[in-house]
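All heavy atoms count here, side chains included; hydrogens, waters and symmetry mates do not. In the text below, chain A, chain B and the rest are named by the order of the sequence lines, each starting its count at 1.
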There are 2 protein chains.
Amino acid sequence: MRSMPAAPSPSKAERTRSTLQHAALARFLEHGVEATSIAEIAADAGVTERTFYRHFPSKQHVLFADYDARLGWFRQALFLRPPGEPVTTSVRIAVESFPYDAALHQIAVLRSNQLEQELVQAHIKTVQAEFSREIAQFLLDRTGAAPASDEAYQISITAQCVAAVMFTATETWFARGDLDVQELSRLVDLGLRSLKSGIA
Amino acid sequence: MRSMPAAPSPSKAERTRSTLQHAALARFLEHGVEATSIAEIAADAGVTERTFYRHFPSKQHVLFADYDARLGWFRQALFLRPPGEPVTTSVRIAVESFPYDAALHQIAVLRSNQLEQELVQAHIKTVQAEFSREIAQFLLDRTGAAPASDEAYQISITAQCVAAVMFTATETWFARGDLDVQELSRLVDLGLRSLKSGIA
DNA sequence: CATGAAAATGTCAACGGTGACAAAATATGT
DNA sequence: ACATATTTTGTCACCGTTGACATTTTCATG
């Protein structure tokens, strides 16, 4: 086969990965996530089951394929805030400038397909934990809190609470059905403000 | 075999369950959780793997065997608070009167055995979510917040934050090593107070 | 004690996921 | 074009978990 002209021809791995992703999403949409087996996806893509796992750590990850990138984006957004700025502001801005609309399209597709709650929910918890760690790390770095100190403890709690706001907001937003990004922003803001002013 | 005299002789299922639990914990302590396979546990107990899963929903659950009971205890503690009382007080008292010492003995054993973090951590997240739901339900009932309202949303966040305090407190407590129950209570109290006064 | 329903367990097959190692495909330098 | 190192994929074996169905054990009742 002749080599492609200019385009940095995707490596075989990249092609395989893409083929797998398309095969998976196609079946997911048609039959649902649980009803689709890795064997079927692999067969559609013309590879072995084992190869699937060389490109995606789990079935869930095909759906959340670009979440890692977004987590990196979030870390970057935190990191780029000026050092002098109050950390609360830094976190608020990073959270509020998160591209929810792009991130949530995949999940919207899922919701439309009924069921799958437990499966997806479990994965959401993992993602939430990652965001929580990310925020905690940022706060620890910026405040220079001593490890194992009460201050570090309170920072851990803070991080988990902020992550809880992010995810409860999107959850509530979905549950209500009216998918307006403005409304999502309002919920995030409302949640963060209620954290700041104290929980009653 | 002769029947036992007085004691309400445990049913066969109860005996099997107990045998499995002991076999599992013995192996867990000696070789660690991950290094112990269900097949081994079942063999030690003289039953099939399938039977193991008839008594415990997962390997993790053998460790957290009585967590369900404690969750029930917690729900009861919440429920028993007088209806007139401010819900914040109800939750605080229920959380603070939780028998952490008894609950955490099993986890202490684990920590001593190194590794296993991811596995156990994942299960902790699940348990935390259950507590969170429990608290949220209580708050929703007591306040009569309309579903899908902003108030209900904020209650969801509150519940997750309180649960985060409970678990971050025990985690921090463990990490510090000085296993004094007084200190654990102090951490819980500190966390709850910082929630109340607002997160900075 | 016999009998039959209900409970407990065994058997079998399947799926999701992972490690170890072998085989094949690809890229690279000569 | 050739030889070689590197990537990519296949093969195999295993573990955790679950559903469906068959078999055995237990237990109440006649």
Side-chain angles (χ1 to χ4, degrees), chain A residues 1-4 7-21 23-25 27-28 31-65 115-123 125-126, chain B residues 1-4 7-21 23-25 27-28 31-65 115-123 125-126:
Chain A
M1 190 189 295
R2 295 231 150 267
S3 61
M4 293 290 166
S9 59
S11 72
K12 177 164 190 181
E14 280 164 343
R15 268 178 291 137
T16 306
R17 181 189 157 95
S18 174
T19 308
L20 277 168
Q21 185 169 8
L25 290 179
R27 278 206 179 256
F28 287 172
H31 311 290
V33 177
E34 293 182 293
T36 301
S37 78
I38 307 290
E40 290 167 350
I41 300 174
D44 285 1
V47 295
T48 312
E49 299 181 40
R50 194 65 186 83
T51 293
F52 173 90
Y53 288 106
R54 291 216 175 79
H55 295 277
F56 299 96
S58 84
K59 196 156 72 159
Q60 312 302 312
H61 280 77
V62 188
L63 278 169
F64 294 80
L115 59 151
E116 333 278 8
Q117 268 94 358
E118 298 108 71
L119 228 27
V120 176
Q121 214 57 18
H123 201 267
K125 265 186 291 190
T126 305
Chain B
M1 190 187 298
R2 292 231 149 270
S3 61
M4 294 292 166
S9 58
S11 72
K12 176 165 192 179
E14 281 163 344
R15 269 178 290 138
T16 304
R17 182 189 157 95
S18 174
T19 307
L20 277 168
Q21 185 169 8
L25 291 179
R27 277 205 179 256
F28 286 172
H31 310 291
V33 176
E34 293 181 291
T36 300
S37 79
I38 307 291
E40 290 167 348
I41 300 174
D44 284 1
V47 297
T48 312
E49 300 182 38
R50 193 67 185 80
T51 293
F52 173 90
Y53 287 104
R54 292 217 175 79
H55 294 277
F56 299 97
S58 85
K59 195 155 74 160
Q60 311 302 312
H61 278 78
V62 188
L63 277 171
F64 295 80
L115 59 149
E116 334 280 7
Q117 268 94 356
E118 299 106 70
L119 228 28
V120 175
Q121 215 56 18
H123 200 266
K125 267 186 291 191
T126 306

D:dT26 C1' sits how many Å from B:Glu14 CD, rounded?
14 Å

d(A:Glu14 CD, A:Thr19 OG1) to nearest 0.5 Å is 11.5 Å

Counting N and O atoms only, with roles assigned by atom type, does the side chain of A:Thr48 sit under 3.5 Å from a partner on the main chain of A:Arg50, one being a donor and the other an acceptor?
no

I need the CG-C1' distance between B:Leu20 and C:dT9, as an integer number of Å.
11 Å

Nearest-Å distance for atom pair NE2/P, residues A:His61 and C:dG16
16 Å

All heavy atoms of B:His61 vs all of B:Phe56, minimum pair found to be O-CD2, 4.2 Å

4.5 Å side-chain heavy-atom contact, B:Leu20 and B:Val62
no

Rounding to an integer number of Å, can you tell me how far B:Lys59 NZ sits from D:dC14 C1'?
12 Å

Counting runs of three or more consecutive pairs, Watson-Crick or G-U wobble, with each distance below 3.5 Å, where are the stems of DNA chain D?
C:1-30 with D:1-30

In whole angstroms, the gap separating P of C:dC15 from CD of A:Glu40 amounts to 8 Å

Heavy-atom donor-acceptor pair, A:Ser37 side chain to A:Glu40 backbone, under 3.5 Å
yes

How many angstroms lie between OG1 in B:Thr51 and CD1 in B:Ile41, if you round to the nearest 0.5 Å?
13.0 Å

Distance check, rounded to the nearest 0.5 Å: B:Lys59 atom NZ versus B:Tyr53 atom OH?
7.5 Å

Interatomic distance, A:Phe56 CZ vs D:dT9 P [rounded to whole Å]
12 Å

Go through the structure and list residues passing side-chain hydrogen bond (donor to acceptor under 3.5 Å, both in side chains) with B:Arg27, not counting sequence neighbours.
B:Asp44

Rounded to whole angstrom units, what separation is found between the CZ atom of A:Arg17 and the C1' atom of D:dT9?
16 Å

With the threshold set at under 4.0 Å for non-hydrogen atoms, list the residues of residues 43-54 of chain B touching DNA chain D in residue-number order.
B:Glu49, B:Arg50, B:Tyr53, B:Arg54

D:dT8 phosphate, OP1 or OP2: any side-chain N/O from A:His55 under 4.0 angstrom?
no

Nearest-angstrom distance from the residue atom CD1 of B:Ile38 to P of C:dT9:
16 Å

Just to confirm, is there a sub-4.0 Å distance from OP1 or OP2 of C:dT9 to any side-chain nitrogen or oxygen of B:Thr16?
yes

Nearest-nucleotide pick for A:Ser37, side chain only, options being C:dG16, C:dA8, D:dT9:
C:dG16

Compare every heavy atom of A:His55 with every heavy atom of A:Ala13, then report the nearest pair and how far apart it is.
O-CE1, 3.3 Å

